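Below: the structure, in C-alpha cells.
First the proteins, then the strands, lettered A, B, ... as listed; each starts at 1. What you see is a predicted model; the values in this text were computed from it and never measured.
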Amino acid sequence: MAIKKSTCLFCSLGCELKYETGPFKIERLLYDSGSRISGGNLCPRGNFTTEFTNSMNRLKSPMLKKGRKHIKLNWNDAFLELQNRFSKLRPASVGFLLDGLTSCEEAYFTSLMQEKLGVNIYWNLPGDLELAKEVGLLSDQQTIRDISEIENFQTFVIIGNIFISHPIIAKRILNRKYEVKGNNIIVIDPKVSNTALLSNQHIQNNPGSESYVLAALAQLIANRTEMVSKLKDIEINMKKVVENTGISEAKLNQITDIIINSKNVLFITNNNINKYRDIESICGFIKLILTLKENSKVLPLFTFGNTKGIVQQLDINRMKSVRELKADMNSGRLDALVILGSDPAVSCPDFSESFQKLDLKITSSYFRNKTAEMSDIILAEASWMQKSGTYINFEGKLNRLEPVLEPRSEIKNRINILNSISRILGFESEIDKLTFKLERKVREVINFDQLNLKNPAPQTSKKNEMLLFCDESDMHFGDDSITREISWVKINFEGPIFKINPADAESMGIKEDKEIEISNSAGKASGKIKIDPSVLQSNIISNYCFSSIKSLWVQDKKGPVTVNLKI
Amino acid sequence: MKLVSVNLDYCMECRSCTVACYYSHYKRTVLDYTNVKIMATVPVHCRHCEEPLCMAACPSNAVKKLENGAVKIFDSLCIGCKSCAIACPFGTITPKIESYVNAKCDLCLQNLKRGEIPNCVLTCPSGALRFGTRDEFEKDRKFNVGAQIIARQKFFRR
C-alpha cells in the first residue's frame, strides 16, 4: 500500500486528495487535514473520485466501429487506423473539442498544433469561457488570490447556488455569517436554493434578470456615493428594473444600504449565470460595482478545474464555441472532429445531427458515453488522477498533478493522443521540451460598450407556457458530467422532477406526482410534477439539465416550454 | 461515549456525508436524508441509544451494542426482517428492498480502530457534523438535535 496525493479537478477550487493505493486500484480515500483549500473536507464529487478511477465501466482499450458495433483494438492498431483515416484529410478541416479537464501542457500543445498545422480548436463549456473572458482575467487587486482571503470579508453577494456547486467555500462564508451577525449574505437567485435558505437576504428575481438587479445596485451605489459621472454612458430606469426583476425598489435600496455600510464586499459568481441572459452585462456591472465600492472583490468559480489554465495557454480569440462548431460541421468546413473528454451529444443542443455528417468522428473518453457510441474510433483516455501535469486553480496558482495510479497499457494520456494525431497530421514535437507561456493577460477593467440592458427578461404569453429553469446542481453534475457513471448518482437519481407554483398547477389542472410532458421548438422531456410554493409563477424548475430544450439559454433561442399532462 | 451531532445552522444539504457513508459501507446507503415539513432536508444520523430499541426488536440478535457504545448490525446474523427499521423511533435505519441485509450506522468502526473519526464528519464541508462526547456538545448548547429538527426548520434560520 502506498500513500499518493492528487487534486480534484471536478471544479476550479482544486482540493487536495490523498489516497491509499494498491498496485491496480485505489483502496481508500483519506481525508487530508493538511489540505490548504479544503482542510480535509470533501464535497460529493470529491468522494466520487475513487469510484471514478476504479470503475469497471471505464474504457480499457481503443475501439473501432464496424457496422453497428464497436470492436476492441490495441493501441498500435488504433494508431494505424488513425493514420489511414487522417491521411485523406487536410489539417485545416480537422477540429479538436476541448473540455475543462485539459491540463496546461495539453492546452499548450493544442495551441502549437493550431499555430503549426492550422487545426480548429473548439471549447465545450461556452459559459465558462465567457466567464473567464469577462471576470476571470481581472487584475490581482480585484479577484481573490488566496482562499483564506474569504475570511476577511464582511458582506457576500452571491449569484447562483454556490453552496452546492462549490460546497468547500461554504464553511468560511458561514463562519463569517455567525461571527459578524449582520445581514451579510445576499443571494441573487430565482430559486429558493440551499444557498438562499442559508442567506440573510434573498433577492428572488425573475429568471434572466440578474443584469437588471446588478445595474440597479450599481446605479443606487453611484447615487449614494456621488459618483454619478461614472455612469454617464448607461441609463438605468428604475421602473424598468422593477418591471423586469419583480423586486421592489425598497428591497433594492435595502440591499444597497447593506453594501455601502459594509467594510468590504465579495461578489461570488459561478458558471450558472452564463447559461442565462446577458453574461457580458452581468460581468460588466459586477466590474462597475467593484470600482464604485471600495474594498470589494470578485470570486469567479468555474465548472471544471483548469479553465483558467486553458484560457491562459490558448488564444481565446482563436477558440470557437460549440455553436460555431455546429455551424462548421453543417457547412462542410470540418471533415473530422476529435472530442477530448466531454460528451457533447448530451450537453449541446442538436449536436448529434451535425456530428453524424462528418467523415471521421473520434472520441477520446473515460466512459463509453453517448458521443462515443456515435464515433468511428473511441480512444480510452487516462483520467487526471492517472497523469502528471499542471493546472491553474481559481486563485490563479499553478499546481502540479501527480499520477495516483498508472494507466493500463491500452489507456493513454491525452497528451500522447494529441501527439500521435499531430505526428500523423505532419507536426512533430518533443513533449518533454515544451515550455509554457504563462504570461497573464490583464484586461481593461470596464468596457462601457458592453453594458446594456437591451434584452428584457424573458416572458411567457400563451396559456400553459412556462420558463424552464434547470437546476442540475441538485445532482452535483453539470451538463455532460462524468459523474453520471457513478453508482451513488444512479441510485439517488429518481428521474426528472418538475417543480411548479401551486397557482400554476391549479390553473392547468395538474396534481402532484402526475407525469407531465414539456416541449418547445427544440424537443421535449417528461417527468413527475412536484408542487412547491417557493417557485415563482410561470416558471418551471427541473432537477435535471435538459440542455437541448433549456428555454433560458438565450444563444439558442428555443423559447419557453409548453406544459402538457401526459396521458 | 462519542456521538455525531448535526448543527442545522451550518448544514446546506450538499449530501457529502451520505456519499462518504455510502463508500465506507460497501456502497450501501446507511446515512440518509429526510424531509421535515417538505421545506427542510436534514441528515438522519443514528443516535446510538443507551437502550437501543432496534437491538430489543431484533429476533436473531444481529444488533449488538459494542464496548465503545456504538450499536452495530452484524451482517452475517441479519435475516433482513426489517424489525429494527420499524422499531427505531428516529427512522435512522432505512429498510432495503433489494438486499436482505439491513444496514445501519456503526460510527465507522474501522476508522475508530485507527484512532480516526467517522467519514461523514471527516468529509462535511460546512462543519455541520461534529464528533464528540455529550458533555462537549452540551457545553456548546448544540446537542439538542431532535429539538432543532422540530423547532428550527429552514425558514426560521435567518
Side-chain angles (χ1 to χ4, degrees), chain A residues 13 15 28-33 38-51 54 161-175 177-178 183 185 192-202 473-476 483 486-489 491-492 512 530-534, chain B residues 7-33 35-43 94 96-99 108 110-111 114 116-131 140 142 152-158:
Chain A
L13 293 181
C15 301
R28 195 159 69 98
L29 173 64
L30 304 168
Y31 298 91
D32 180 13
S33 58
S38 68
N41 311 127
L42 287 176
C43 74
R45 284 165 295 179
N47 281 288
F48 290 156
T49 50
T50 316
E51 191 187 336
N54 288 345
N161 193 4
I162 61 115
F163 284 1
I164 294 301
S165 60
H166 298 84
I168 294 300
I169 62 166
K171 192 180 193 173
R172 295 172 199 266
I173 296 171
L174 288 170
N175 278 341
K177 178 186 172 182
Y178 298 118
N183 286 327
I185 301 184
V192 183
S193 61
N194 306 35
T195 314
L197 285 164
L198 284 165
S199 68
N200 301 103
Q201 295 287 341
H202 177 202
S473 55
D474 260 14
M475 290 305 300
H476 283 274
T483 54
I486 300 296
S487 57
W488 184 85
V489 175
I491 292 168
N492 287 275
E512 183 130 340
K530 289 269 177 235
I531 295 168
D532 187 344
S534 72
Chain B
N7 184 350
L8 297 184
D9 284 342
Y10 279 82
C11 178
M12 54 192 185
E13 299 168 34
C14 69
R15 298 180 187 237
S16 297
C17 50
T18 313
V19 178
C21 185
Y22 172 78
Y23 285 119
S24 51
H25 289 85
Y26 308 104
K27 294 191 180 176
R28 288 190 294 185
T29 309
V30 176
L31 174 58
D32 222 330
Y33 270 69
N35 292 326
V36 181
K37 289 183 182 173
I38 305 168
M39 299 313 296
T41 310
V42 290
T94 316
K96 296 283 176 295
I97 297 163
E98 71 274 13
S99 105
C108 291
Q110 71 280 21
N111 281 22
R114 281 193 288 261
E116 294 170 5
I117 58 176
N119 280 344
C120 56
V121 183
L122 278 172
T123 199
C124 180
S126 67
L129 294 186
R130 291 201 314 157
F131 189 60
D140 296 347
K142 279 176 183 169
R152 303 196 63 198
Q153 63 159 293
K154 287 203 158 183
F155 268 83
F156 298 100
R157 276 184 184 168
R158 289 171 200 173

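Judged as a salt bridge (Lys or Arg N to Asp or Glu O under 4.0 Å), not a single pair has a partner in residues 192-201 of chain A (not counting sequence neighbours).
In plain terms, the two heavy atoms of A/Pro44 and B/Cys14 that are nearest each other are CG-O, 3.1 Å. Among all heavy-atom pairs drawn from A/Leu198 and B/Cys11, the shortest one is CD1-O, 3.8 Å. For A/Ile164 against B/Glu13, the heavy-atom pair with the smallest separation is CD1-O, 3.7 Å. Across B/Gly127 and A/Lys171, no two heavy atoms sit closer than the pair CA-CE, 4.0 Å. The two atoms that bring B/Tyr10 and A/Asn175 nearest to each other are OH-OD1, 3.0 Å, heavy atoms only.
Note that the CZ atom of B/Arg114 and the CG atom of A/Leu30 stand 8.0 Å from one another [nearest 0.5 Å]. Between the OH atom of A/Tyr178 and the CG atom of B/Asn7 there is a distance of 7.0 Å, given to the nearest 0.5 Å. In this structure, the separation between CG on B/Leu122 and CG on A/Leu42 is 9.5 Å, given to the nearest 0.5 Å. The CE atom of B/Met12 sits 12.0 Å away from the OG atom of A/Ser193 when rounded to the nearest 0.5 Å. Between A/Leu29 atom CG and B/Thr123 atom OG1 the span is 7.5 Å, to the nearest 0.5 Å.
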Decide side-chain hydrogen bond (donor to acceptor under 3.5 Å, both in side chains) for B/Ser16 and A/Asn41; before the verdict, give the C-alpha distance in whole Å, the side-chain angles of both, and the deciding distance to 0.1 Å.
-> CA-CA 9 Å; B/Ser16 297; A/Asn41 311 127; over 6 Å; no

May I have the step-by-step check of side-chain hydrogen bond (donor to acceptor under 3.5 Å, both in side chains) for A/Asn47 and B/Tyr22, ending in yes or no?
-> CA-CA 10 Å; A/Asn47 281 288; B/Tyr22 172 78; over 6 Å; no

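Classification of the B/Tyr23-A/Phe48 ring pair by plane angle, with boundaries at 30° and 60°, yields perpendicular.
At a 4.5 Å heavy-atom cutoff, the contact between A/Arg28 and chain B is made by side-chain atoms alone. Looking at A/Ser487, the atoms closer than 4.5 Å to chain B (heavy atoms on both sides) sit in the backbone and in the side chain alike.
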